[in-house]
There are 2 protein chains.
Amino acid sequence: MNSLRTGEVAQKLGLSAQTLYFYERIGLIPSPQRSPSGYRLFGDRDVARLSFILRVKALGLSLDEIKEILLLYDGESLTCQAIRDRLQHKVQELDQKIHRLQALRNELAPLVKECQSFLSQPSPDGECSALRDITGIGGNQDA
Amino acid sequence: MNSLRTGEVAQKLGLSAQTLYFYERIGLIPSPQRSPSGYRLFGDRDVARLSFILRVKALGLSLDEIKEILLLYDGESLTCQAIRDRLQHKVQELDQKIHRLQALRNELAPLVKECQSFLSQPSPDGECSALRDITGIGGNQDA
DNA sequence: CTACACCCTATACTTCGGTATAGGGTCAAG
DNA sequence: CTTGACCCTATACCGAAGTATAGGGTGTAG
Ligand SMILES: [Zn+2]
Ligand SMILES: [Zn+2]
Ligand SMILES: [Zn+2]
Ligand SMILES: [Zn+2]
């Protein structure tokens, strides 16, 4: 029975009003009721749905993935299995992303070390090997 | 003395011509010489610069970060220290990103496990606790 | 009545690293 | 001379998740 206006919901959930419009536009939430003058009135269910969205978003799911889950929910076919499949898929994606980033990190880190040791103990030829490795050119040079 | 046309450079480096135009537009590479009829003619230095860009991009630096380095290079102030600072900064950013993703992963994984064990051995009340945790609502429900 | 806070819609803009398209020019072979 | 491969510019578009702005309506307090 209690209904909140856009600004109140935004305040409560830490969103902007624009974000609420946006979620409505992309079909993540249904268009809420309106007051006679056209103001949105969000009921408890609307707010609960938004809370769910934010909770799951914080777990790292994209709005599209959340929308998929909510479609199942709306169709009353949101099962344990469906959730499990999606979360598992997401975990795998996260693992892949983590591995890729670690691979990059492990290529970058040695170069830093190399530069570091060169800075503390320059070799006689005056050129850091990491700098040379990266540029593939050597230090500065013209034409 | 040998100069390549756009398509040849693109072919050689595994880029599209559009990408070359794009790099030129954003100032990553200088506008190369032109033939009398207006065709781009990339010299050895141009190709070397592009190779550098691709090499460093493969290390995970953004085009903006690469541009910064190239500006130093163009100003002949590309030092070991400058490179080291940038790479170190990047490594730190990668570390942060990795940690964030791992935190997400570690929040998600237990939920998958919970659903998994519920699927193999449903509890009497017919509701998976992970499903309840996530939705904050329980299974399906209306108004 | 008027100021002000709040609300509405529609549209454009943001970042990033390009890709796609439209509409035209150049050049060598046949 | 025409065909076809190549080149040019300018512009729009992609995904993701919004943010910003313009231009207007509503509701209440003084
Ligand atoms: Zn996926
Ligand atoms: Zn160095
Ligand atoms: Zn940074
Ligand atoms: Zn479950």
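Considering CD1 of B/Ile29 and CG of B/Leu50, their distance stands at 4.5 Å, rounded to 0.5 Å.
Checked by atom type and distance alone, the side chain of A/Arg105 never pairs as donor or acceptor with a backbone atom of B/Asp95 at under 3.5 Å. Checked by atom type and distance alone, the side chain of B/Lys67 pairs as donor or acceptor with a backbone atom of B/Ile26 at under 3.5 Å.
Between A/Arg40 and C/dT9 there is a side-chain N or O to OP1 or OP2 distance below 4.0 Å. A sub-4.0 Å separation between OP1 or OP2 of D/dT19 and a side-chain N or O of A/Thr19 is present. Between A/Arg34 and the phosphate of C/dT9, there is a side-chain N or O to OP1/OP2 separation shorter than 4.0 Å. Between D/dT26 and A/Ser35, no contact under 4.0 Å exists linking OP1 or OP2 to a side-chain N or O. For C/dG18, neither phosphate oxygen OP1 nor OP2 lies less than 4.0 angstrom from any side-chain nitrogen or oxygen of B/Ser16. Contact check, B/Tyr21 against C/dT19: no side-chain N or O comes under 4.0 Å of OP1 or OP2. Regarding contacts with the backbone of D/dG18, a side-chain N or O of A/Lys57 is found under 4.0 angstrom from either OP1 or OP2.
The environment of B/Glu93 atom CD is dense: over 12 non-hydrogen atoms of other residues, nucleotides or ligands sit within 6.0 angstrom.
Rounding to whole angstrom units, CD1 of residue B/Ile29 and P of C/dG18 are separated by 12 Å. The distance from atom CG of B/Leu20 to atom C1' of D/dC7 is 12 Å, rounded to the nearest whole Å. Nucleotide C/dG17 holds its P atom 14 Å from the CG atom of B/Leu15, rounded to whole Å. B/Arg5 has its CZ atom 14 Å from the C1' atom of C/dG25, to the nearest Å. Atom NZ of B/Lys67 is separated from atom P of C/dC16 by 11 Å (rounded to the nearest Å). Look at CD1 on B/Ile53: it is 12 Å from P on C/dG17, rounded to the nearest Å.
A donor N or O paired with an acceptor N or O is found under 3.5 Å between the base of D/dG25 and the side-chain atoms of A/Tyr39.
For the side-chain contact (heavy atoms from CB on, under 4.5 Å) criterion with A/Ile53, the lone passing option out of A/Leu28, A/Ile69, A/Leu15 is A/Leu28.
For A/Ser37, the side-chain atoms get nearest to D/dG27 when compared with the rest of D/dG27, D/dC7, D/dA17. The side chain of B/Gln18 lies closest to C/dA20, out of C/dC6, C/dA20, D/dT19.
Nearest-nucleotide mapping onto DNA chain D: of B/Arg25 and B/Phe42, the residue sitting toward the 5' end is B/Phe42.
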